[in-house]
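Keep in mind the model is a prediction, meaning the values are calculated, not measured. We count residues from 1, following the sequence as given. In listed order, ligands and their atoms are each counted from 1.
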Amino acid sequence: MVLASPVPMAGSEDINSNESKMVVPLTTWILISNFKLAYNLLRRPDGTFDRHLAEFLDRKVPPNSTPINGIISFDLLVSSLLLRIYLPSTTAAIPDLHRPLHPHPFPVILFFHGGSFAHSSSNSAIYDSLCRRFVRHSPSAVVISVNYRRSPEHRYPTAYDDGWTALQWAHNQPFLRCSPDSTPNLFLSGDSSGGNIAHHVALRAATTSQIRISGNILLNPMFGGQCRTPSELNLDGKFFVTLKDRDWYWKAFLPAGADRDHPACNPFGPNAVPLSGLPFPKSLVVVAGLDLTHDWQLGYVHGLRDAGHDVKLVFRATATIGFYLLPNNDHCHLVMDEITNFLSSNCH
Ligand SMILES: C=C1C[C@]23C[C@H]1CC[C@H]2[C@@]12CC[C@H](O)[C@@](C)(C(=O)O1)[C@H]2[C@@H]3C(=O)O
């Protein structure tokens with residue numbers, strides 16, 4: 001079959017099977033196309049959102065105190081914010097939260113799920129699996145998945161405030177320290193909007209507190225800006241995402257009337273908060289070359305480096321959005337190894 005130009009996209013009436021199958025494993029293609037179709041039903045052109053249908057369509061899983069692959073999970077409510085916690089354990093008991101979990105330093109990952117600020121929860125099946133995979137790969141790690149409030153019902157800065165609440169809580173928990181007088185090894189992580197939240201929570205910690213973050217791990221973080229970049233123009237609608245979708249999510253999240261040069265969206269743009277001289281953590285930034293916003297993500301890496309901060313960039317030219325959701329491709333395995341190394345080399 002010869003594809004006409006512009007190439008139709010997955011989830012549109014013409015399914016772009018040729019182009020997508022070349023780089024996306026079929027199961028990933030089905031998974032992401034399914035989300036894309038669902039999400040197209042949920043966003044309304046007037047900026048409102050069908051939250052009831054969104055909740056109905058999102059497959060959720062409960063926490064499980066029976067160890068599965070040596071991991072237990074439980075939900076905790078911290079001032080009306082739900083946290084789902086994943087721990088390595090061989091017994092079905094929830095540990096004593098007043099005592100150190102391990103006597104040696106171990107990483108604590110505060111994870112912010114993706115979904116462009118509007119979709120998914122910490123109990124969404126895709127994110128429950130991802131958090132479990134983090135613990136499986138770094139067996140002494142604890143993951144705390146933050147069920148932040150979403151747009152359009154809750155705009156900027158609510159998600160950052162929830163992230164901040166979770167960070168302060170984690171910082172004060174005796175079970176997350178290896179001894180009563182040590183400080184916890186807190187890492188901030190997230191994909192898509194979750195990566196954006198991780199950055200802004202780290203920035204708040206660096207500018208307003210004594211809390212020191214051991215590292216940031218951002219997967220395809222959602223950043224943007226007012227101008228259009230070459231990757232946005234070249235990849236618009238090619239691999240699951242259109243610029244129109246992206247613009248809708250920014251409009252739903254940013255303060256009413258703000259444009260995409262707001263520092264929440266464009267942290268190194270014209271309204272940026274200077275980062276040089278701040279105790280900003282080291283970052284591991286994963287960028288998929290077939291994500292239309294990858295120019296903004298690379299700009300973020302350069303912005304951090306120009307401000308004097310340490311960044312490990314993992315650029316996977318042929319990866320698409322969501323490649324890390326199923327362990328069926330080399331990019332995913334390589335990134336999991338990078339995360340494990342980053343955690344162990346920054347955990348003191
Ligand atoms: C409208 C959206 C939102 C997408 C992209 C596009 C279609 C598929 C969505 C997801 C669905 C699964 C993951 O949450 C996600 C992070 C992913 O990989 O694909 C989402 C992504 C995003 O929020 O950035």
Query raised in the report: Between H294 and F315, how do the two ring planes meet: parallel, tilted or perpendicular, split at 30° and 60°?
Result: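 Ring orientation of H294 relative to F315: perpendicular.
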Query raised in the report: So W248 and F49, would you call those rings parallel, tilted or perpendicular, with 30° and 60° as cut-offs?
Result: tilted
So do [Y] and [X] actually touch side chain to side chain, heavy atoms under 4.5 Å?
{"X": "F117", "Y": "M222", "result": "yes"}
{"X": "I339", "Y": "L219", "result": "yes"}
{"X": "I213", "Y": "L167", "result": "yes"}

Per-pair distances, ligand 1 N/O vs protein N/O, less than 3.5 Å:
{"unit_1": "ligand 1", "atom_1": "14 (O)", "unit_2": "Y127", "atom_2": "OH", "d": "2.7"}
{"unit_1": "ligand 1", "atom_1": "18 (O)", "unit_2": "G322", "atom_2": "N", "d": "3.2"}
{"unit_1": "ligand 1", "atom_1": "23 (O)", "unit_2": "G115", "atom_2": "N", "d": "3.2"}
{"unit_1": "ligand 1", "atom_1": "23 (O)", "unit_2": "S116", "atom_2": "N", "d": "3.0"}
{"unit_1": "ligand 1", "atom_1": "23 (O)", "unit_2": "S116", "atom_2": "OG", "d": "2.7"}
{"unit_1": "ligand 1", "atom_1": "23 (O)", "unit_2": "S192", "atom_2": "OG", "d": "3.3"}
{"unit_1": "ligand 1", "atom_1": "24 (O)", "unit_2": "S116", "atom_2": "OG", "d": "3.3"}
{"unit_1": "ligand 1", "atom_1": "24 (O)", "unit_2": "S192", "atom_2": "OG", "d": "2.8"}
{"unit_1": "ligand 1", "atom_1": "24 (O)", "unit_2": "R246", "atom_2": "NH2", "d": "2.8"}

Query raised in the report: Taking S283 as the fixed residue, which of L218, D310, N216 is the one that meets the side-chain contact (heavy atoms from CB on, under 4.5 Å) rule?
Result: N216
